[in-house]
Amino acid sequence: MSECLFCKIVEGKVPSRKVLEDDEVFAFEDIAPRAPTHVLVVPKKHFDKIADAAEPGIVGRVLLGAARVARERGLEHYRLVVNNGEEAGQSVFHFHVHLLGGRPMSWPPG
Ligand code: 5GP
Ligand code: ZN
């Protein structure tokens with residue numbers, strides 16, 4: 001059995017608040033939201049980081065999954081974030097896109 005937290009969430013072995021699911025993509029509410037909307041969108045099939053994606057299609061499907069969640073919530077202004085590697089802020093090594101929205105956001109990031 002996978003020891004990966006997000007694999008367990010995809011499999012339903014760890015509970016989450018599911019937002020979206022299709023054949024390849026799963027989205028759920030972040031447990032510690034940084035914005036009124038903070039959804040994590042992940043591939044069902046595990047890879048650690050974007051650089052480990054076996055093919056480009058899955059990355060596109062995850063990104064478009066995030067855009068679909070935003071659209072369904074009526075969000076026009078939002079941010080998509082991929083933290084790649086520990087020093088960039090990645091803490092869970094199952095590729096994911098953060099969808100953040102519902103408040104103004106500053107740029108550049110810290
Ligand atoms: P990262 O730091 O890897 O880019 O993002 C990991 C995200 O996963 C964080 O925003 C964190 O709040 C979220 N997270 C960590 N553990 C859990 C959990 O058990 N359930 C959910 N829904 N989110 C989690
Ligand atoms: Zn995983």
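Quick caveat: nothing in here was measured; it's all calculated off a predicted structure. We count ligands from 1, going down the list as the structure has it; atoms in each ligand are counted the same way. If you read the sequence from its start, that first residue is 1, and numbering goes on from there.
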Engineer: Check if Phe6 has a non-hydrogen atom at a distance under 4.0 Å from any atom of ligand 1.
Structural biologist: yes
Engineer: Heavy atom under 4.0 Å from ligand 1: found in Ser16's side chain, backbone, both, or neither?
Structural biologist: neither
Engineer: Can you pull out the closest protein heavy atom to atom 3 (O) of ligand 1? Residue, atom name and distance to 0.1 Å, please.
Structural biologist: Ser91 N, 2.7 Å
Engineer: Between the Zn ion (ligand 2) and His94, which N, O or S atom of the residue is the nearest one?
Structural biologist: ND1
Engineer: Identify the residue among Asn83, Ile50, Val82, Asp48 that makes a side chain to side chain contact (heavy atoms under 4.5 Å, CB included) with Gln90.
Structural biologist: Asn83
Engineer: May I have the step-by-step check of side chain to side chain contact (heavy atoms under 4.5 Å, CB included) for Arg68 and Leu64, ending in yes or no?
Structural biologist: CA-CA 6 Å; Arg68 183 173 151 200; Leu64 290 174; over 6 Å; no
Engineer: Ring pair (Phe, Tyr, Trp, His ring centres under 6.0 Å) with Phe6: which of Phe47, Phe28, Phe26?
Structural biologist: Phe28
Engineer: Angle subtended at the Zn ion (ligand 2) by SG of Cys7 and SG of Cys4, to 10 degrees?
Structural biologist: 120°
Engineer: Return the residue, atom name and 0.1 Å-rounded distance of the protein heavy atom closest to atom 22 (N) of ligand 1.
Structural biologist: Glu29 O, 2.9 Å
Engineer: For atom 16 (N) of ligand 1, what's the nearest protein heavy-atom neighbour? Residue, atom name and distance, please.
Structural biologist: Leu5 CD2, 3.4 Å
Engineer: Who's closest to atom 18 (C) of ligand 1 heavy-atom-wise, of Val42, Val97, Ile31, Val82?
Structural biologist: Ile31
Engineer: Among all the protein's non-hydrogen atoms, which is closest to atom 11 (C) of ligand 1, and how far away is it?
Structural biologist: Asp30 OD1, 3.5 Å
Engineer: When you look for heavy atoms under 4.0 Å from ligand 1, do you find them on the side chain of Asn83, its backbone, both, or neither?
Structural biologist: side chain
Engineer: Give the contacting part of Phe28 toward ligand 1: side chain, backbone, both or neither, where contact means a heavy-atom distance below 4.0 Å.
Structural biologist: side chain
Engineer: Counting only heavy atoms, tell me which of Glu86, His98, Gln90 gets closest to atom 4 (O) of ligand 1.
Structural biologist: His98
Engineer: Looking only at N, O or S atoms in His46, which is nearest to the Zn ion (ligand 2)?
Structural biologist: ND1
Engineer: Quick one, Pro43 and Arg61 - any side-chain contact, counting heavy atoms below 4.5 Å?
Structural biologist: no
Engineer: Give a yes/no verdict on whether any heavy atom in Ile9 is under 4.0 Å from an atom of ligand 1.
Structural biologist: yes
Engineer: Can you confirm if the aromatic rings of His94 and His96 lie within a centre distance of less than 6.0 Å?
Structural biologist: no
Engineer: Should the proximity of Val14 to ligand 1, defined as any heavy atom under 4.0 Å, be assigned to the side chain, the backbone, both, or neither?
Structural biologist: neither
Engineer: Taking C-beta and beyond as the side chain, do Val42 and Val25 meet within less than 4.5 Å on heavy atoms?
Structural biologist: no
Engineer: Does His96 reach ligand 1, in the sense of a heavy atom lying below 4.0 Å from it?
Structural biologist: yes
Engineer: Tell me, yes or no, whether the heavy-atom count around Glu76 atom CD, taken from other residues, nucleotides or ligands under 6.0 Å, exceeds 12.
Structural biologist: no
